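A short write-up of the structure that comes next.
Every chain is numbered from 1, with letters handed out A, B, ... down the list of sequences. Given the structure is predicted, the values throughout are model-derived calculations rather than measurements.
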2 protein chains.
Amino acid sequence: MSETDVPVVDFAPDRWGNPEHAITLPAATQAALDALGIRPGQAPVAPQDVALADVAVPDEARTALAAAVGAEHVSDAAVDRLRHTRGWSTPDILKLRAGDASDAPDLVVRPRTHDEVVAVLQLCSDARVAVVPYAGGTSVVGGLAPERDGFRGVVALDVGRLDALVALDEVSRTATLEAGMRGPRAEELLNAEGFTLGHFPQSYEGASIGGYAAARSAGQSSAGYGRFDDMVVGLVLATPRGTLEIGTAPKSAAGPDLRQLVLGSEGVLGVITSVTVRVRPVPTARVFEGWRFPSFEAGEEALRRLVQDGPLPTVLRLSDEAETAINLSDPSGGPTGEASGCLAIVGYEGGTDEVESRRAAATAVLEECGGVSAGTEAGEKWRTGRFHGPYLRDPLLDAGAFVETLETVTWWSNVSRLKTAVTEAIQTALGTQGTPAIVLCHISHVYETGASLYFTVACAQGEDALAQWAVAKAAANAAIRTAGAAISHHHGVGTDHRDTYEEEIGPLGVDILRAVKATLDPAGVLNPGVLVAR
Amino acid sequence: MSETDVPVVDFAPDRWGNPEHAITLPAATQAALDALGIRPGQAPVAPQDVALADVAVPDEARTALAAAVGAEHVSDAAVDRLRHTRGWSTPDILKLRAGDASDAPDLVVRPRTHDEVVAVLQLCSDARVAVVPYAGGTSVVGGLAPERDGFRGVVALDVGRLDALVALDEVSRTATLEAGMRGPRAEELLNAEGFTLGHFPQSYEGASIGGYAAARSAGQSSAGYGRFDDMVVGLVLATPRGTLEIGTAPKSAAGPDLRQLVLGSEGVLGVITSVTVRVRPVPTARVFEGWRFPSFEAGEEALRRLVQDGPLPTVLRLSDEAETAINLSDPSGGPTGEASGCLAIVGYEGGTDEVESRRAAATAVLEECGGVSAGTEAGEKWRTGRFHGPYLRDPLLDAGAFVETLETVTWWSNVSRLKTAVTEAIQTALGTQGTPAIVLCHISHVYETGASLYFTVACAQGEDALAQWAVAKAAANAAIRTAGAAISHHHGVGTDHRDTYEEEIGPLGVDILRAVKATLDPAGVLNPGVLVAR
């Protein structure tokens with residue numbers, strides 16, 4: 001499966017991804033679980049057996065919504081409500097598996113145009129009905145579970161029908177895309193014109209353009225193509241008070257950058273209905289390689305030198321010893337050189353000559369830092385398998401294991417300290433509950449001044465897996481904050497990171513966000529309780 | 001004069017720059033003025049003869065300010081008040097030359113620490129005294145002329161004593177600089193540690209770190225080093241309600257980017273007291289070349305190809321035919337090839353090998369687009385003379401000429417249309433007043449998706465030069481807006497661009513800024529009337 005042949009399909013409410021790509025656990029993984037005494041827990045409640053509360057939205061509001069978008073685009077069908085219940089964090093999945101649909105919206109509303117989105121927001125604001133803006137629905141931080149109290153129901157505003165490539169300026173290399181377009185569809189349409197976004201987050205199969213923008217997504221090729229918030233040169237926001245259109249020019253000194261106020265606003269200020277993004281020509285050459293380093297520190301030094309002094313590869317990531325060892329234990333893993341050290345993935349995309357010259361210069365730096373090439377096979381294996389990871393979680397949960405990820409970002413001089421602090425915090429929090437954890441880590445995104453760290457945590461499910469993880473997550477959040485790092489590099493804030501985020505930006509920062517929200521959403525109906533407390 | 005041997009000196013209140021570098025008009029320029037019948041107008045009022053209004057700030061507020069920062073740092077001396085009157089636009093200078101000091105602050109207050117800045121803001125907020133945050137004072141858009149009505153006086157809060165290099169992280173390549181440090185001093189201190197900001201705006205001799213940030217400065221090496229707002233990874237803002245500290249990590253998905261709300265806020269939200277910026281190693285190699293193109297369109301195509309497909313030079317700019325011809329008429333100009341076409345300046349900085357390989361690849365692109373090398377002499381001439389331009393204005397005004405600059409930015413596909421529209425608007429507005437204008441233009445900054453245009457306008461001074469220019473400036477603003485471009489690429493908004501800026505961001509955008517201001521500055525004392533109307 002490559003990034004350009006990923007079909008756009010609906011997910012089941014409770015299992016990640018394209019149902020046709022569902023996988024069973026590799027034998028070695030199952031054997032490892034058996035050896036650890038990990039056994040399947042209670043069987044999950046099937047989606048069709050999950051009980052939903054009665055629809056709370058008043059009839060008159062529902063009638064008005066139907067008049068605004070068409071009755072056929074206002075649904076209270078159980079399958080719609082379930083599919084729009086929360087996102088894809090492990091706690092989200094565990095709740096649904098336990099039959100808990102308490103965060104389900106009452107209605108799913110699917111406008112087709114920007115003006116219809118504005119109309120829905122005005123209606124809901126007048127009727128005091130809360131609105132969850134819903135694009136791909138792939139939040140892993142509780143961004144789709146707003147607070148219900150004080151409102152006369154909750155509506156999921158699904159922008160999936162806003163899915164057009166609105167404009168393409170081949171000279172300026174910009175494209176205007178509607179918010180509901182999924183990543184693979186955007187690539188398909190842009191590729192047909194010779195362009196690419198180059199944005200490939202692990203949520204690629206499910207996430208949408210609007211979500212990329214609202215949650216500041218970062219793709220795996222961010223070294224070369226930039227983060228999504230770097231790509232956005234303009235956007236249109238629908239709010240209960242009307243339309244905010246931003247992005248007159250590529251760069252401007254005219255005042256604060258309001259675009260950067262909407263990016264990352266996670267649906268609490270309005271609904272992004274379209275974005276204008278910088279696009280690039282489809283690359284004509286692509287090389288992905290594995291590189292093995294004797295230690296994490298040696299690999300980190302190589303990544304830092306490449307991003308600070310160049311040449312900069314398109315993809316640049318580094319697994320620590322634990323993650324490298326686990327990857328090797330995958331029976332489909334193939335040869336990646338010696339079974340030790342830390343594996344880096346280094347990818348180059350661009351013009352043929354340019355890729356070769358960049359690769360030659362980068363190779364010299366990688367070797368100077370102690371790297372040994374593990375060849376293009378290791379690189380291609382990573383590239384072609386890079387959207388598979390999330391498919392492993394469901395069978396692991398079925399087998400009684402717990403698995404979750406989290407991420408953060410800091411300055412280069414603080415990377416080692418942060419990695420140690422977070423690893424130890426999670427291991428202690430889970431170990432003291434009698435469920436010792438494996439913690440894997442990789443550097444996933446690099447910048448001149450720092451890098452992100454992405455952690456994968458696995459252990460046995462305890463009696464109450466939600467409570468078990470809550471302790472570990474709180475410990476991780478505290479460790480990140482104490483180490484002076486940011487609470488999220490690319491997952492966002494949602495509700496899971498809200499308290500730590502508020503500490504990070506301080507009381508004046510929180511007041512600013514509340515003031516902006518009160519300006520655009522006076523009734524406070526948009527994603528109440530997400531990002532900052534009400 | 002190069003960027004590293006520019007001494008930090010005080011300017012006179014009414015003439016730009018280091019008094020030792022003042023110049024007289026070249027003979028050819030004087031001859032051209034004579035031929036056009038341009039004669040000196042009324043002699044300017046000497047600064048010591050300019051009348052100042054009585055100090056309006058109440059005595060008890062003045063006593064409290066003296067207690068907060070020390071009596072010796074609260075000045076009502078005429079020279080201090082005059083030097084803090086308005087900025088350096090041509091209208092600003094003309095007003096002072098006419099003896100109009102109506103925008104002079106009552107007092108100049110010079111705190112030494114962030115906490116003293118907070119204290120001054122709280123005192124002024126309580127006393128309803130307006131505050132003009134003052135760093136280098138080089139605004140050319142009326143950013144230092146706040147509205148006085150409704151306030152019990154105006155204080156210029158000069159951050160010049162906050163001038164320390166607070167921290168340097170050599171691994172992460174970040175430096176924390178206080179806001180009052182002038183550009184040349186920052187380079188001097190960073191160079192001593194092996195680093196550079198690489199930020200060289202034309203205001204370099206006068207501008208300060210805080211002003212770079214508050215007004216989104218762009219330096220002449222922006223292609224290589226980025227704009228100043230790209231360099232800022234953190235900042236500290238003093239407000240009447242306390243301190244806002246932003247910048248936990250290099251990049252984050254945690255919420256809106258509040259840093260981008262403070263950058264460009266032009267002192268209306270608070271006073272930036274320090275910034276943490278990304279720094280780079282001092283380059284070991286530097287090559288600047290001139291390139292001549294047969295037309296502006298051919299040169300524009302070359303610049304666009306370099307910034308979109310690489311390799312990207314460090315400096316990249318292109319003068320149109322008129323500007324190229326005028327530059328050639330400068331008797332100190334030296335040979336730059338044929339006396340026609342459009343001159344581009346292409347500069348490379350970095351490591352020795354890297355500069356040579358980048359230059360070789362860029363040369364191929366420049367030649368493919370029809371460029372002919374004008375050699376390094378033309379490039380070096382531009383580089384060493386690049387801070388001289390502003391010195392020409394004073395003798396031109398003395399001689400009876402009017403000269404001013406303005407700038408804008410748009411998408412690549414809109415550059416030609418914008419250039420024509422602005423040029424014609426200015427020529428018509430000044431021509432119909434009986435003062436036909438020369439309008440010169442260059443592309444000064446390039447991005448993947450677009451470029452900035454910088455215009456220089458010269459004509460004879462009319463009877464009322466302020467009114468004469470007001471008509472032309474309004475026409476230029478309208479042309480920029482009609483062409484869909486941004487009202488400023490790097491000069492900012494101030495009061496001169498405020499109305500057009502409000503149209504650009506729309507009523508909801510204005511409401512957002514007012515809400516944020518009301519949150520941080522409830523009494524509205526900070527730069528009243530700058531950026532958005534009260």
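- Considering only heavy-atom pairs separated by less than 4.5 Å from chain A, the leading option among B/Val279, B/Val516, B/Leu258 is B/Leu258.
- Heavy-atom pairs under 4.5 Å with chain A peak, among B/Asp309, B/Ile505, B/Val493, at B/Asp309.
- A salt bridge links B/Arg358 to B/Glu354: at least one charged side-chain nitrogen sits closer than 4.0 Å to a carboxylate oxygen.
- Only the backbone of A/Thr410 comes within less than 4.5 Å of a heavy atom in chain B; its side chain stays farther off.
- Heavy atoms closer than 4.5 Å to chain B are found in the side chain of A/Pro281, but not in its backbone.
- Ion pair A/Arg481/A/Glu504 not flagged as a salt bridge, since none of the NZ, NE, NH1 or NH2 atoms sits closer than 4.0 Å to an Asp/Glu carboxylate oxygen.
- At a 4.5 Å heavy-atom cutoff, the contact between B/Leu261 and chain A is made by backbone and side-chain atoms alike.
- Your options are A/Ala486, A/Ala515, A/Gly450, A/Gly255, and the one with the most heavy-atom pairs under 4.5 Å with chain B is A/Gly255.
- Across every non-hydrogen atom of A/Ile487 and A/Asn477, the tightest pair is CD1-OD1, 3.5 Å.
- Residue B/Thr449 touches chain A through both its backbone and its side chain, counting heavy-atom pairs closer than 4.5 Å.
- Neither the backbone nor the side chain of B/Arg514 has a heavy atom closer than 4.5 Å to any heavy atom of chain A.
- Ranked by heavy-atom pairs shorter than 4.5 Å toward chain B, the options A/Ala451, A/Ala215, A/Gly351, A/Pro256 are led by A/Pro256.
- Only the backbone of A/Thr243 comes within contact range of chain B, with heavy atoms under 4.5 Å apart.
- Panel note: side chain A/Ser172, backbone B/Ser413; a donor-acceptor pair is recorded below 3.5 Å.
- At least one donor-acceptor pair closer than 3.5 Å links the side chain of B/Trp412 to the backbone N or O of B/Tyr447.
- Ranked by non-hydrogen atom pairs under 4.5 Å with chain A, the options B/Ala361, B/Ala214, B/Gly492 are led by B/Gly492.
- Of the listed residues (A/Val532, A/Val268, A/Ile246, A/Val171), the one with the most heavy-atom contacts under 4.5 Å to chain B is A/Val171.
- Residue A/His491 touches chain B through its backbone alone, counting heavy-atom pairs closer than 4.5 Å.
- At a 4.5 Å heavy-atom cutoff, B/Glu407 makes no contact with chain A through either its backbone or its side chain.
- Contact annotation for B/Pro507: neither backbone nor side-chain heavy atoms come within less than 4.5 Å of a heavy atom of chain A.
- A/Leu513 touches chain B through its side chain: at least one heavy atom from C-beta onward sits under 4.5 Å away, while N, CA, C and O do not.
- Only the side chain of B/Leu520 has a heavy atom closer than 4.5 Å to any heavy atom of chain A.
- Without hydrogens or angle criteria, A/Asp511 side chain to B/Thr519 main chain gives no donor-acceptor distance under 3.5 Å.
- Of the two parts of A/Ile512, the backbone and the side chain both hold a non-hydrogen atom closer than 4.5 Å to a non-hydrogen atom of chain B.
- Judged by distance alone, the side chain of B/Glu349 and the main-chain N or O of B/Pro283 form no donor-acceptor pair under 3.5 Å.
- In this structure, B/Ala213 and B/Val275 approach most closely via the heavy-atom pair CB-CG1, 4.0 Å.
- A/Gln308 and B/Arg278 share no side-chain donor-acceptor pair at under 3.5 Å.
- Counting heavy-atom pairs closer than 4.5 Å to chain A, the top residue among B/Ser252, B/Ala485, B/Ser265, B/Ser488 is B/Ser252.
- Among the candidates A/Pro250, A/Gly242, A/Ala249, A/Gly264, the residue making the largest number of heavy-atom pairs closer than 4.5 Å to chain B is A/Pro250.
- Closest approach of B/Ser444 to B/Ser452, counting heavy atoms only: OG-OG, 2.7 Å.
- If you measure heavy-atom distances from B/Asp230 to chain A, the contacts under 4.5 Å come from the side chain alone.
- For chain A, the nearby parts of B/Glu448 are the backbone and the side chain; heavy atoms of each come within less than 4.5 Å.
- Summarising the geometry of B/Arg417 relative to B/Ala483, their closest heavy-atom pair is NH1-O, 3.4 Å, with the distance given to 0.1 Å.
- Put simply, the side chain of A/Arg216 gets close to the backbone of A/Leu263: a donor and an acceptor are under 3.5 Å apart.
- Residue contact with chain B, scored on non-hydrogen atoms closer than 4.5 Å, involves the side chain of A/Asp169 exclusively.
- Remark: side-chain polar atoms of B/Arg259 are paired, donor with acceptor, to backbone N or O of B/Val233 under 3.5 angstrom.
- In this structure, no portion of A/His497 lies under 4.5 Å from any heavy atom of chain B.
- In terms of non-hydrogen atom pairs under 4.5 Å with chain A, the most contact-rich of B/Glu245, B/Arg241, B/His445 is B/Arg241.
- Residue contact with chain B, scored on non-hydrogen atoms closer than 4.5 Å, involves the side chain of A/Leu531 exclusively.
- Of the listed residues (A/Glu170, A/Arg280, A/Glu266), the greatest number of heavy-atom pairs within a distance under 4.5 Å of chain B belongs to A/Arg280.
- Under the 3.5 Å distance criterion, the side-chain polar atoms of B/Thr239 are left unmatched by any main-chain donor or acceptor of B/Gly270.
- Look at B/Lys517 and B/Asp521 and you find a salt bridge, because one of the NZ, NE, NH1 or NH2 atoms lies within 4.0 Å of a carboxylate O, short of that distance.
- Ring pair B/Tyr212/B/His490: centre-to-centre distance not below 6.0 Å.
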